[in-house]
**Student:** 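I have a structure here, written as structure tokens, and I will follow up with some questions on it.
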Protein chains: 2
Amino acid sequence: MPERGRPRTFDRTAALRHAMGVFWVQGYEGASISDLTAAMGINSPSLYAAFGSKEALFLEATELYTRIEGADIWLALEEAPTARLAIERFLQRTAKAYSQTDRPQGCLITLGALHQDSTRGAICDDLRRRRAENHAALRKRLERGVAEGELPSGFDCAAVATFFATVQHGMSIQARDGASCTALLATVAGAMAAWQTMAGTGAA
Amino acid sequence: MPERGRPRTFDRTAALRHAMGVFWVQGYEGASISDLTAAMGINSPSLYAAFGSKEALFLEATELYTRIEGADIWLALEEAPTARLAIERFLQRTAKAYSQTDRPQGCLITLGALHQDSTRGAICDDLRRRRAENHAALRKRLERGVAEGELPSGFDCAAVATFFATVQHGMSIQARDGASCTALLATVAGAMAAWQTMAGTGAA
DNA sequence: CCTTTTCTGTAGTGATCGATACATAAATAC
DNA sequence: GTATTTATGTATCGATCACTACAGAAAAGG
């Protein structure tokens with residue numbers, strides 16, 4: 001525990017939260033160091049001393065985002081008694097969260113860095129990994145549904161997880177285009193309309 | 001027809017096509033003038049003389065994209081005999097087009113500029129307008145289905161159009177993450193699984 | 001006290017951003 | 001021919017990019 005030296009005069013976590021907000025609105029490459037330091041209330045040397053680089057700051061911001069903003073959505077998967085309810089509540093919470101007007105619309109993980117270029121492969125890789133984790137969480141919940149007899153044994157959990165993950169990704173773009181919670185819930189209803197067909201026939 | 005003056009030494013349309021490819025891969029702000037001129041085989045003064053500005057070049061590139069790359073997908077809507085087949089073929093052509101390996105994955109209109117900032121409001125507005133046009137095309141095809149008796153009179157065409165547009169947007173991100181055509185077709189199957197439920201109950 | 005360690009603000013670094021000035025080249029108009 | 005018009009290549013422009021050198025300030029260790 002390094003208590004030596006001049007103590008930091010700003011709240012590191014609060015600054016990180018502000019940086020997360022900037023990345024959320026503007027994306028990785030759209031957020032300049034000036035934007036970040038202005039929002040964080042510090043000068044650039046403090047940013048580099050505390051976080052290392054813009055890239056490292058972004059990675060910490062996505063980690064915070066996953067923990068703070070994303071947790072509630074994904075908790076729905078575990079808590080719901082059936083796979084069907086789990087998916088439905090997961091999408092409904094997504095609709096609500098993505099359209100809140102007191103924060104940026106859509107998802108930082110989905111929209112943060114879609115265009116790979118030479119300098120930010122690590123950023124894209126990190127976001128892709130997180131998106132893959134989300135897909136895996138959906139698939140595992142569906143597999144639990146199969147194991148518990150709610151879904152037929154031939155159910156293609158991976159394909160259905162891809163479908164619902166794709167819907168969620170699309171909702172990020174709809175939300176970024178200004179879609180209301182009501183509009184997003186209409187999409188959720190559409191996605192859930194697929195459930196009975198898929199659950200009945202063994203999917204896909 | 002201005003035949004006066006020194007004639008242009010490059011093919012304007014071919015250069016525009018190359019610029020479109022750069023914007024498609026890297027997005028609006030990810031594509032630098034250097035990237036563009038290198039791909040177009042010209043120097044920056046020629047770019048500005050022929051296209052005016054980076055912003056104007058992008059707008060022309062999206063227009064070309066809509067006309068060349070997007071036409072085939074949207075033609076499916078008009079040609080198919082039923083609304084159901086129209087939507088299904090529309091999504092299937094999307095799956096194929098977005099996953100082609102001889103061009104960038106996903107859609108330029110969807111992925112080109114998702115982060116609004118002060119300098120590129122016109123770009124975002126243009127892409128949003130094109131996305132809105134796509135939504136309107138889907139809605140109109142569904143309304144035709146209602147008019148022709150294929151769909152019930154209470155069918156919520158706008159909401160269902162939103163659902164399928166959202167799926168298509170999500171497919172852009174999946175494709176950008178490396179999803180194969182097969183994987184995208186699984187998502188299409190999922191989306192179409194919703195059809196019979198929506199068509200039977202009056203949707204949403 | 002003095003040294004060490006760490007943070008802070010000022011003021012930059014070289015690189016690259018989008019966009020141009022300028023002289024020259026190549027066409028038409030007369 | 002000369003004048004006019006437009007395109008081209010070189011060589012930038014000021015602004016901003018991500019990042020940092022440096023000196024002073026504020027703490028602990030001795």
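Chain letters run A, B, ... following the sequence lines, proteins first, then strands; residues in each count from 1.
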**Student:** Taking only side-chain nitrogens and oxygens of Ser46(A), does any of them come within less than 4.0 Å of OP1 or OP2 of dT8(C)?
**Tutor:**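 For dT8(C), OP1 or OP2 has a side-chain N or O of Ser46(A) closer than 4.0 Å.
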**Student:** Think Asn43(B) has a side-chain N or O under 4.0 angstrom from the OP1 or OP2 of dT8(D)?
**Tutor:**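 For dT8(D), OP1/OP2 do not have a side-chain N/O of Asn43(B) under 4.0 Å.
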**Student:** Between dG9(D), dG9(C), dC19(D), which nucleotide has the shortest distance from any of its atoms to the side chain of Pro45(A)?
**Tutor:**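 For the Pro45(A) side chain, the nearest candidate turns out to be dG9(C).
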**Student:** Indicate whether any N or O donor in one side chain lies under 3.5 Å from an N or O acceptor in the other, for Thr110(A) and Arg131(A).
**Tutor:**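 No - no donor-acceptor pair under 3.5 Å links their side chains.
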**Student:** Counting only side-chain N and O atoms of Ser44(A), is one of them less than 4.0 Å from OP1 or OP2 of dC19(D)?
**Tutor:**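 The answer is no; no side-chain N or O of Ser44(A) sits under 4.0 Å from OP1 or OP2.
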**Student:** Starting at CD of Gln26(B) and ending at P of dC17(C), how long is that distance when rounded to a whole Å?
**Tutor:**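 Atom CD in Gln26(B) sits about 10 Å away from atom P in dC17(C).
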**Student:** Could you list the donor-acceptor pairs under 3.5 angstrom formed between side-chain atoms of residues 80-92 of chain B and any protein atom two or more places apart in sequence or on another chain?
**Tutor:**
| residue | atom | partner | partner atom | Å |
| --- | --- | --- | --- | --- |
| Thr82(B) | OG1 | Leu85(B) | N | 3.1 |
| Arg84(B) | NH1 | Glu88(B) | OE1 | 3.2 |

**Student:** Can you tell me which nucleotide in dT20(D), dT20(C), dG9(C) comes closest to the side chain of Tyr48(B)?
**Tutor:**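 The nucleotide sitting nearest to the side chain is dT20(C).
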**Student:** Strictly below 4.0 Å, heavy-atom distances to any atom of DNA chain C: list the hits from residues 15-22 of chain B, or just say none.
**Tutor:**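 Those residues whose heavy atoms fall under 4.0 Å from DNA chain C, taken from residues 15-22 of chain B, amount to none.
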**Student:** Assess whether a salt bridge exists between Asp125(B) and Arg129(B), defined as any Lys/Arg side-chain N lying under 4.0 Å from an Asp/Glu carboxylate O.
**Tutor:**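 Salt bridge absent between Asp125(B) and Arg129(B).
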**Student:** When you measure from the centre of the six-membered ring of Tyr28(A), is the NZ or CZ of Lys54(A) under 6.0 Å away and within 45° of the axis?
**Tutor:**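 Output yes; distance and angle both within limits.
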**Student:** Taking NZ, NE, NH1 and NH2 as the nitrogens, is one of them in Lys140(A) or Glu133(A) under 4.0 Å from a carboxylate oxygen of the other?
**Tutor:**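 Salt bridge flag = no for Glu133(A) with Lys140(A).
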**Student:** Got a sec, which residues hit ring-ring contact (aromatic ring centres under 6.0 Å, His included) with Tyr48(A), two or more places apart in sequence or on another chain?
**Tutor:**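 Counting only residues at least two positions away or on another chain, Tyr48(A) forms no ring-ring contact (aromatic ring centres under 6.0 Å, His included).
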**Student:** Using whole Å, what does the distance between atom P of nucleotide dC19(D) and atom CZ of Phe51(A) come to?
**Tutor:**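 It is 14 Å, rounded to the nearest whole Å.
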**Student:** Among Leu142(A), Thr162(A), Leu151(A), find the residue that satisfies the side chain to side chain contact (heavy atoms under 4.5 Å, CB included) test when tested with Cys157(A).
**Tutor:**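 Result: among Leu142(A), Thr162(A), Leu151(A), Leu142(A) is the only option passing the side chain to side chain contact (heavy atoms under 4.5 Å, CB included) with Cys157(A).
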**Student:** With a 4.0 Å cut-off, would you call Glu69(A) and Lys96(A) a salt bridge?
**Tutor:**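 Looking at Glu69(A) and Lys96(A), the cut-off is not met.
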**Student:** Taking N or O atoms only and anything under 3.5 Å, show me the protein contacts with nucleotides 24-30 of chain C, one pair per line.
**Tutor:**
| residue | atom | partner | partner atom | Å |
| --- | --- | --- | --- | --- |
| dA25(C) | N3 | Arg6(B) | NH1 | 3.3 |

**Student:** Please report the distance, rounded to the nearest Å, between CD1 in Ile42(A) and C1' in dC19(D).
**Tutor:**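 Interatomic distance, CD1 of Ile42(A) to C1' of dC19(D): 14 Å.
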**Student:** Considering all heavy atoms of both residues, which atom of Leu138(B) and which atom of Ala161(B) are nearest to each other, and what is their separation?
**Tutor:**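 Heavy-atom minimum between the residues: CD1-O, 3.7 Å.
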**Student:** Do the numbers put Arg12(A) on top of the ring of Phe10(A), so that NZ or CZ is under 6.0 Å from the six-membered ring centre and no more than 45° off the axis?
**Tutor:**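 Here Arg12(A) fails the 6.0 Å and 45° test against Phe10(A).
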**Student:** Side chains of residues 178-195 of chain B: which donor-acceptor pairs under 3.5 Å do they make with residues two or more places apart or in other chains?
**Tutor:**
| residue | atom | partner | partner atom | Å |
| --- | --- | --- | --- | --- |
| Ser180(B) | OG | Thr182(B) | N | 3.4 |
| Ser180(B) | OG | Ala183(B) | N | 3.1 |
| Thr187(B) | OG1 | Thr166(A) | OG1 | 3.4 |

**Student:** Once you round it to whole Å, what is the distance between C1' of dG9(C) and CZ of Phe10(A)?
**Tutor:**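 Interatomic distance, CZ of Phe10(A) to C1' of dG9(C): 13 Å.
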**Student:** List, with names and distances, any nitrogen or oxygen atoms from the protein found under 3.5 Å away from nitrogen or oxygen atoms belonging to nucleotides 14-17 of chain D.
**Tutor:**
| residue | atom | partner | partner atom | Å |
| --- | --- | --- | --- | --- |
| dC17(D) | OP1 | Ser32(A) | OG | 3.3 |

